[in-house]
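Right, one structure below, let's go through it.
Only a predicted model underlies this, so the values are computations on that prediction, with no experimental measurement involved.
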Amino acid sequence: MGALLPPKTIQSLPKEILLRIFEFVYQASCSSDFDSPSHFADPTLFPACIEGVCPLWKKLALSIGHFSSRILVFVDKPVVYTELRTRFTVSKKYSIDVYVVRKGYDVDEDLEEKARVRGVMQLLVQHIKRCRVVVFDVLHNSSLPHVSDFGDSAAKLLTFRLRSRLPGIGPKAQASFPANCRNLRPFYSRPLRYLDMDANIFMDAMSVPGWYKSFEYVSRKNLTLRNLPCLENNSYDLHKFLTILETLGHFHSLVLENVEFNPWYRIKGLIVTIFVQNFEFIGLSKEYVSEFLDAIDNKIEEPNITLIRCGLECQEDFGFRAWCLTLCNIAPEEDLYKFLCCWDGFSLILKECPGVNDNNVLRALSTHSWESMHAKTLRQLQITTSGPILITMDGLKRMVIERQEEASKFFTEDHPMKSIPLPMHSIYISGSGHPLTPSDLSWFSDNLDFFYWHASLPRSDSPVLDWDISNLNDLEFQPSASGDIDPSSSPLPPVSQTPSLDPPADHSSSPPTSQPLPSSSPVIEGDFCYLDWPNTLESSPPPRSKTPDPDSPILDDDLSRIDWSKVPADFDLPPPEKPQRCSTPDSPIMDGDFSTFDWSIEQIILLTTIVMKVAVFGTQKYDLASLTEVSIPEGKEFSFTFLDPLLDEKTAILAAGHDAICIFVNDICDAIVIKKLADIGVKFVALRCAGYNNVDLKAAHKHGIKVARVPAYSPEAVAEFTVGMIMTVIRKYHKAYNRVREGNFLLDGLLGFNIHGKTVGLIGTGKIGLLTGKILSKGFGANVIAYDPYPSQLAEEYGITYVEALDELLTRSDIISLHCPLNESTKYIINDSNLAKTKKGVVLINTSRGGLIDTYALIRALKTDHVSAVGLDVYERESNYFFADSSAKVIADDSFARLLSFYNVFMTGHQAFLTSEALQNIAETTVNNLLELEASGTCKFVVEK
């Protein structure tokens with residue numbers, strides 16, 4: 001046996017490999033739902049799983065900016081402010097999510113919490129402009145910052161949570177933040193969508209100048225208020241709160257948890273108009289629920305209402321509607337019957353409500369008189385409980401029949417009722433009880449569209465209670481000599497005996513021990529925790545390979561020991577066996593213990609042959625799907641690493657360990673990046689697009705890196721999109737769509753013109769330009785002219801006529817569409833000079849490259865009405881905004897923002913190529929390019945300098 005190489009630890013991996021590992025873990029953690037303390041304290045999530053290994057890893061992780069885009073601060077232990085300041089500093093170019101939380105909330109008091117929160121706030125307020133998420137989830141209400149403590153403009157803030165766990169606001173909270181002493185600086189959070197606060201913090205925040213005004217017009221807001229008990233020092237009244245809701249406009253959801261406004265300040269008889277789609281009340285009293293619903297005029301006519309652990313009360317002459325009414329954990333003493341008599345809606349869901357039975361729920365939903373019928377429009381009923389089902393089959397049938405009869409009358413009699421009686425559509429019942437008989441199942445299947453009944457009961461012939469065997473004394477189960485259980489010695493009751501629902505008595509006993517099988521077996525009843533492995537290995541040595549005949553030059557199939565001098569010239573070697581997962585005695589892999597694994601390349605045994613490792617930058621969901629679905633030839637294999645960041649000087653290091661990179665139009669592959677790629681061993685650059693203006697071809701040739709592209713993935717996709725964009729800006733589809741959705745059917749301002757007979761000029765006649773011209777010429781009857789230094793022989797067949805000079809095209813065209821590549825000769829081909837040569841009122845379309853148009857020149861032409869309409873799928877500085885959700889960003893590019901402000905500019909986010917056929921062609925061509933490059937060093941679509 002040869003001597004083992006000195007083992008290396010994972011800490012000795014190169015920096016590039018470590019960063020790849022970190023990036024993988026970071027991307028995996030980005031999909032985690034950070035919404036509960038258990039997630040925050042999870043040591044397996046990033047960054048704790050990396051930074052907690054050793055100081056080297058922590059230092060390395062802290063050096064990468066986007067790794068610190070999620071900042072967790074635990075205030076139930078001392079805060080290292082220098083480290084926190086470092087995280088804010090290294091992430092300064094990124095939007096950040098900040099969570100100020102605790103690892104545990106099981107203490108009654110923490111005197112240090114408030115000071116730690118204040119220390120964090122001093123650093124956080126300097127970076128509030130970059131925050132997408134700000135969460136304070138602490139123990140004491142008095143530790144929470146106030147909205148006035150932030151100030152400035154939080155232009156990216158989507159989620160804002162200020163929450164404490166101890167109920168009540170208490171004297172400390174009132175004394176710590178006197179309203180008249182706060183610094184009421186302007187604080188703006190225009191994109192705010194999710195607001196979760198202690199109720200007293202929220203009510204005080206309404207006095208911060210301009211704050212709620214900054215997001216009152218945001219639609220689909222979500223508001224959660226907590227922890228405002230009904231106390232004497234609670235000066236917040238219901239009418240004031242509802243007035244605030246009215247001011248803030250539309251809400252997608254309103255959640256009130258343990259919130260009740262002081263009864264001294266409740267003002268009855270005042271109705272406030274609000275717009276709320278979903279209500280959720282948790283732990284509220286019956287008086288408050290009733291008064292709240294009675295005091296609002298919700299303009300969302302069919303909201304959803306959920307009541308969890310709430311009291312139920314229905315005042316006289318009170319009624320409300322909810323599309324879906326959900327009642328959870330309602331106490332059995334609550335009057336379900338009376339409450340349901342006040343409700344009407346489509347769906348009723350009852351979860352873990354022990355008081356549900358025929359006498360309250362079904363009685364409220366059944367009646368022989370249409371005039372007194374409750375919940376007339378009910379169609380769905382769902383009852384789920386972990387306890388016994390107290391609803392009977394007869395009660396359900398009676399309800400279904402009575403509602404069917406009343407519904408049938410509607411079509412034969414005139415009823416002076418606004419609500420239309422509807423028969424039941426579906427019923428879902430789940431709990432413990434008697435199973436459904438076949439006759440009952442048949443009846444419900446005939447009378448309902450959907451019926452589900454799940455009742456868990458132990459089988460009548462089973463001596464074991466299906467739901468509880470935790471107290472079973474398994475020591476009394478001893479195998480007989482034959483391996484069967486002796487019924488006479490069984491501790492279980494006879495089969496005919498009905499088992500009691502009470503839990504069996506507790507039997508104190510030691511843990512069961514396994515009974516050994518015959519001594520020749522090293523396995524003890526399948527329980528390997530008691531196995532004596534050394535004796536087992538000695539008594540049962542692993543099988544060895546058969547010794548070959550003396551004249552065989554191969555010793556035990558170990559080719560490393562072949563005496564090659566004895567191998568005949570015509571001898572055919574047998575195919576080597578596939579490598580095994582377990583290690584041999586001289587293997588550097590220590591039987592699955594990778595802590596001492598030698599990570600040097602020459603020691604790694606590859607279990608499969610990987611042709612090429614490819615780092616895919618700027619990955620979108622559709623890229624991942626299309627590339628992984630490409631059919632790879634047999635015997636070949638790719639290893640794709642999908643990366644979210646775009647390629648640039650800083651992210652190039654992520655390609656370490658890869659043979660190739662795959663990039664798109666907005667990745668930066670200049671000379672500096674090319675050099676970095678060459679230094680880490682990248683040999684190929686595969687563009688999943690036709691253009692290559694973002695790649696420095698001279699630098700690539702200098703460093704021996706081959707560049708390939710996809711010249712024609714689906715020209716039909718872009719050509720069809722171009723024609724659609726022309727139709728949109730001419731006939732104003734987008735404006736008409738928005739008007740109709742708002743109920744405006746006026747036609748003013750929607751006047752367009754025919755394409756038939758107009759002159760359309762194409763600059764560039766590659767495959768996309770030719771197909772665009774063909775559609776416009778053959779399909780619309782337009783006069784299509786084109787300019788291209790390299791004319792195509794297909795132009796005449798497609799009805800396209802070439803002009804001698806670009807100036808001629810500019811002066812003749814009613815519509816100009818750009819289809820040329822971006823290079824030194826075409827950059828800003830649409831500029832002040834050329835725009836001046838066009839007709840007044842010309843329409844300009846660009847689905848090629850943003851750099852073909854001088855944006856400032858285009859803005860000047862739009863301001864003078866020289867250009868009547870513009871359709872753009874590209875923009876010269878689009879990489880800062882496109883292919884990402886920029887709705888929460890301030891558009892810092894003034895020219896881009898100015899373009900978007902024009903009523904006659906229609907812009908899309910570089911989507912002209914986006915069809916399923918195009919994505920499939922791009923993926924297949926990209927993979928084929930890489931296969932050819934690996935095999936021969938060149939390919940059909942290689943780009944020369």
Side-chain angles (χ1 to χ4, degrees), residues 324-330 332 336-337 340-341 343 345-370 373-409 421-470 472 492-504:
C324 178
L325 175 63
T326 303
L327 305 179
C328 300
N329 298 106
I330 303 300
L336 276 173
Y337 171 75
L340 292 177
C341 287
W343 166 75
F346 181 84
S347 177
L348 175 62
I349 301 175
L350 303 170
K351 296 182 179 180
E352 301 298 338
C353 298
V356 171
N357 55 48
D358 289 3
N359 192 43
N360 49 33
V361 174
L362 297 189
R363 184 161 64 97
L365 304 179
S366 306
T367 180
H368 291 284
S369 172
W370 160 240
M373 187 177 185
H374 305 299
K376 300 178 179 66
T377 58
L378 176 67
R379 296 275 280 157
Q380 296 179 350
L381 174 63
Q382 176 180 334
I383 302 175
T384 58
T385 176
S386 57
I389 300 173
L390 302 180
I391 296 291
T392 65
M393 292 295 171
D394 292 339
L396 279 177
K397 290 180 180 178
R398 183 172 60 253
M399 180 195 68
V400 172
I401 292 172
E402 293 179 1
R403 299 185 72 86
Q404 283 179 342
E405 291 176 350
E406 294 301 325
S408 63
K409 292 178 183 178
L422 298 174
M424 291 300 297
H425 174 273
S426 58
I427 296 178
Y428 179 104
I429 310 290
S430 177
S432 60
H434 295 285
L436 200 66
T437 64
S439 60
D440 288 337
L441 178 60
S442 176
W443 189 92
F444 283 108
S445 299
D446 293 338
N447 288 274
L448 295 173
D449 293 274
F450 174 83
F451 180 77
Y452 179 87
W453 178 281
H454 175 75
S456 58
L457 259 187
R459 297 192 308 271
S460 59
D461 58 344
S462 171
V464 182
L465 297 180
D466 289 347
W467 52 78
D468 188 0
I469 58 172
S470 60
L472 190 64
L492 301 174
V495 171
S496 60
Q497 179 181 339
T498 303
S500 170
L501 292 179
D502 296 329

Rounded to the nearest 0.5 Å, what separation is found between the [atom1] atom of [X] and the [atom2] atom of [Y]?
X: Ser430; Y: His454; atom1: OG; atom2: NE2; value: 5.0 Å
X: Asp440; Y: Leu396; atom1: CG; atom2: CG; value: 9.5 Å
X: Leu350; Y: Thr385; atom1: CG; atom2: OG1; value: 10.5 Å
X: Leu381; Y: Ile429; atom1: CG; atom2: CD1; value: 5.0 Å
X: Leu448; Y: Trp443; atom1: CG; atom2: CH2; value: 6.5 Å
X: Thr377; Y: Trp343; atom1: OG1; atom2: CH2; value: 7.0 Å

Can you see which heavy atom on [X] is nearest to which on [Y], and at what distance?
X: Cys353; Y: Leu327; answer: SG-O, 3.3 Å
X: Val356; Y: Ile383; answer: CG1-CD1, 4.0 Å
X: Pro354; Y: Pro332; answer: CG-CD, 3.7 Å
X: Pro423; Y: Arg379; answer: O-NH1, 2.7 Å
X: Gln404; Y: Asn447; answer: NE2-O, 3.1 Å
X: Thr326; Y: Cys324; answer: OG1-SG, 3.7 Å

Hey, are Glu352 and Ser386 close enough side-chain-wise for a donor-acceptor pair under 3.5 Å?
->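 There is such a pair (donor and acceptor under 3.5 Å, judged by atom type) between the side chains of Ser386 and Glu352.
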Short question: side chain of Ser445, backbone of Leu441 - any donor-acceptor pair under 3.5 Å?
->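 A pair under 3.5 Å: yes.
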Testing Phe451, Tyr452, Phe450 for ring pair (Phe, Tyr, Trp, His ring centres under 6.0 Å) with Phe444, which one passes?
->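 Checked Phe451, Tyr452, Phe450 against Phe444; only one passes ring pair (Phe, Tyr, Trp, His ring centres under 6.0 Å): Phe451.
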Among Asn359, Val361, Asn357, which one satisfies side-chain contact (heavy atoms from CB on, under 4.5 Å) with Leu390?
->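 Filter result, single survivor: Asn357.
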Would you check if [X] and [Y] make a side-chain contact, meaning some heavy-atom pair closer than 4.5 Å?
X: Trp453; Y: Met393; result: yes
X: Met424; Y: Leu378; result: yes
X: Gln382; Y: Thr384; result: yes

Would you please test Asp358 and Thr392 for side chain to side chain donor-acceptor pair (under 3.5 Å) and show each step?
-> CA-CA 7 Å; Asp358 289 3; Thr392 65; 2.3 Å; yes
